[in-house]
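Read through the structure below, which is laid out as structure tokens, and then see the notes.
Starting from 1, each residue takes its place in the sequence as its number. These numbers were taken from a predicted model, which means no experiment stands behind them.
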Amino acid sequence: MGQRIGRIQWGGLVFGPGSAYHVSQIEGVDDMPEVRQDDMDREGSHGAYTGPDYVGARVVQLGLTMVADSPDGLRALTLALRAATQPQVTPAPLQLLDWDMLVYAKVRRRSVPYDAEHLWRSGTAAIELYCADPYLYSLEERSATTQAYAPAAGRVYPLLFPRTYGSAGTSGRIQAVNAGSAPSYPVLRIDGPVINPQVEQVNTGATLLIDATLQPGEYLVIDTRTRAVLLQGTAPRRQWVRAGSKWPILQPGSNEIAYRGSELPSAPGQPSFLTVTWRDASL
């Protein structure tokens, strides 16, 4: 992986080598976002008391040079860029394809200056993207599945996902490797039938306890970053999380995840599954 930025994808547009949008400048990707500090001067003494540091939002500045064969072609490039950089309701992935990296961003500014002396076939543009989530993620989304501990013979797992699975866990365990340098927040999917499922991050002791029963065909999606708990992926069930639970967060390196739950008496022998999905993360 070289230092050259290479291709960048935003929605349906690709900037960089092989495209009509040349990347002339990019800022805010390798920079550290502004740090929020919690320091306090020592009263009557030199120095300060220092607390933990956290970073704020990431701002990415993207400079483009548009190159066409004619003024009409240049106008078409401008209109396509304008259509792709509209105000957004939710963040979207800005993908740095040759750096194996993405950030989730919203367009906050767009500038396409009019230069009458150089408008025959080329023009410039500047885009500002606001990343409320400052993390840099890998393009690849990793996923692994395991059966709840206390295995028993039963049905074949019937659910398919549009992603590549890692090796299934043994005895209700998964090894999730975060190859980045910052913690990564996984998405957990629990498929019934199961009573009171538990997800434990063995290396930290963090355990998420769910006080609920999932019937066959029911599933729960848990986003550890937003703390959303959704039955069938849509219906909020945050109240099912037992008080005192600690949310699993994948630390850099290898993380062991254990999954346990009680069998549903009305569905004997039918296993429950945990699927963990994550990306490598850095700051």
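- In this structure, the side chains of Val241 and Arg227 stay at 4.5 Å or more apart for every pair of heavy atoms.
- With a 4.5 Å cut-off on side-chain heavy atoms, Val67 and Arg121 count as touching.
- No donor-acceptor pair closer than 3.5 Å links the side chain of Arg173 to the backbone N or O of Thr146.
- Looking at heavy atoms from C-beta onward, Gln215 lies in side-chain contact with Thr213 at the 4.5 angstrom threshold.
- Side-chain contact annotation: Asp100 with Ser138, donor-acceptor N/O pair under 3.5 Å absent.
- Minimum heavy-atom separation, Arg42 to Ala48: NE-O, 3.4 Å.
- Distance alone, capped at 3.5 Å, places no donor-acceptor pair between the Arg260 side chain and the Gly172 backbone.
- Side-chain atoms of Trp278 come within 3.5 Å of backbone N or O of Val177 as a donor-acceptor pair.
- Under a hydrophobic clustering in which Ile, Leu, Val, Met, Phe, Trp and Tyr are joined whenever their side-chain heavy atoms come within less than 4.5 Å, directly or via other members, Leu250 and Tyr135 fall into different clusters.
- Every pair passing side chain to side chain donor-acceptor pair (under 3.5 Å) that includes a residue from residues 80-96 is listed here, sequence neighbours excluded: Thr85-Arg110.
- Between the OG atom in Ser272 and the CG atom in Leu220 there is a gap of 10.5 Å [rounded to 0.5 Å].
- Ion pair Arg142/Glu140 flagged as a salt bridge, since at least one NZ, NE, NH1 or NH2 atom sits closer than 4.0 Å to an Asp/Glu carboxylate oxygen.
- Under the side chain to side chain contact (heavy atoms under 4.5 Å, CB included) test applied with Met101, the options Ile8, Leu139, Asp280, Val29 reduce to a single match, Val29.
- Clustering ILVMFWY residues whenever any of their side-chain heavy atoms sit less than 4.5 angstrom apart, transitively, puts Leu102 in a cluster other than the one holding Tyr130.
- Residues Gln270 and Leu264 form no side-chain contact, since every pair of their non-hydrogen atoms from C-beta on lies 4.5 Å or further apart.
- Listed here is the closest heavy atom pair of Pro216 and Ala267: CG-CB, 4.0 Å.
- Residues Gln251 and Pro183 are in side-chain contact: their nearest non-hydrogen atoms beyond the backbone lie under 4.5 Å apart.
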Please determine whether side chain to side chain contact (heavy atoms under 4.5 Å, CB included) holds for the pair Val59 and Glu128, giving the CA-CA distance in whole Å, both sets of side-chain angles, and the decisive distance to 0.1 Å. CA-CA 7 Å; Val59 177; Glu128 181 179 284; 3.7 Å; yes

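- The line from CD of Gln239 to CD1 of Ile210 is 10.5 Å long, rounded to the nearest 0.5 Å.
- Applying the side chain to side chain contact (heavy atoms under 4.5 Å, CB included) test between Ile26 and each of Ile127, Leu64, Ile5 identifies Ile5 as the sole match.
- Under the side chain to side chain donor-acceptor pair (under 3.5 Å) criterion, the residue pairs touching residues 6-27 are Arg7-Asp98, Gln25-Glu27, with sequence neighbours excluded.
- Under the 3.5 Å distance criterion, the side-chain polar atoms of Asn255 are left unmatched by any main-chain donor or acceptor of Asn203.
- Between Arg189 and Asp191 a salt bridge is recorded (basic side-chain N to carboxylate O distance below 4.0 Å).
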Could you go through the side chain to side chain contact (heavy atoms under 4.5 Å, CB included) check for Arg225 and Asp133 one step at a time? CA-CA 10 Å; Arg225 171 173 289 281; Asp133 177 355; 3.6 Å; yes

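- When the side chains of ILVMFWY residues are joined at heavy-atom separations under 4.5 Å, either directly or via intervening members, Leu94 and Val14 end up in two distinct hydrophobic clusters.
- The CD atom of Glu43 sits 8.5 Å away from atom OH of Tyr49, with the distance rounded to the nearest 0.5 Å.
- At least one side-chain heavy atom of Leu136 sits less than 4.5 Å from a side-chain heavy atom of Val103.
- At distances below 3.5 Å, at least one donor-acceptor pair connects side-chain atoms of Thr78 with backbone N or O atoms of Leu74.
- Side-chain contact check for Val276 versus Pro186: some heavy-atom pair is nearer than 4.5 Å.
- Of the possible polar contacts, none joining the Thr224 side chain to the Ile222 backbone as a donor-acceptor pair under 3.5 Å is found.
- In this structure, the side chains of Trp99 and Asp30 come closer than 4.5 Å at one or more pairs of heavy atoms.
- When the shell of 6.0 Å around CG of Asp69 is examined, it contains 12 or fewer heavy atoms from other residues, nucleotides or ligands.
- Using a 4.5 Å cut-off between side-chain heavy atoms of Ile, Leu, Val, Met, Phe, Trp and Tyr, with links allowed through other members, Tyr54 and Ile249 fall into different hydrophobic clusters.
- The backbone N or O of Tyr219 sits less than 3.5 Å from a side-chain atom of Gln232, completing a donor-acceptor pair.
- For the residue pair Ala68 and Leu77, the shortest heavy atom distance occurs at CB-CD1, 3.9 Å.
- Nearest heavy-atom pair across Ser254 and Gln175 is OG-OE1, 2.8 Å.
- In the hydrophobic clustering of this structure, Tyr185 groups with Val55; members are Ile, Leu, Val, Met, Phe, Trp, Tyr whose side-chain heavy atoms approach within less than 4.5 Å, directly or through other members.
- Pairing each heavy atom of Ile190 with each of Tyr259, the nearest pair is CG2-OH, 3.1 Å.
- In this structure, Arg279 is not positioned above the aromatic face of Tyr137 in the sense of NZ or CZ being under 6.0 Å from the six-membered ring centre and within 45° of the axis.
- Residues Pro248 and Leu208 come closest through the heavy atom pair CD-CB, 4.1 Å.
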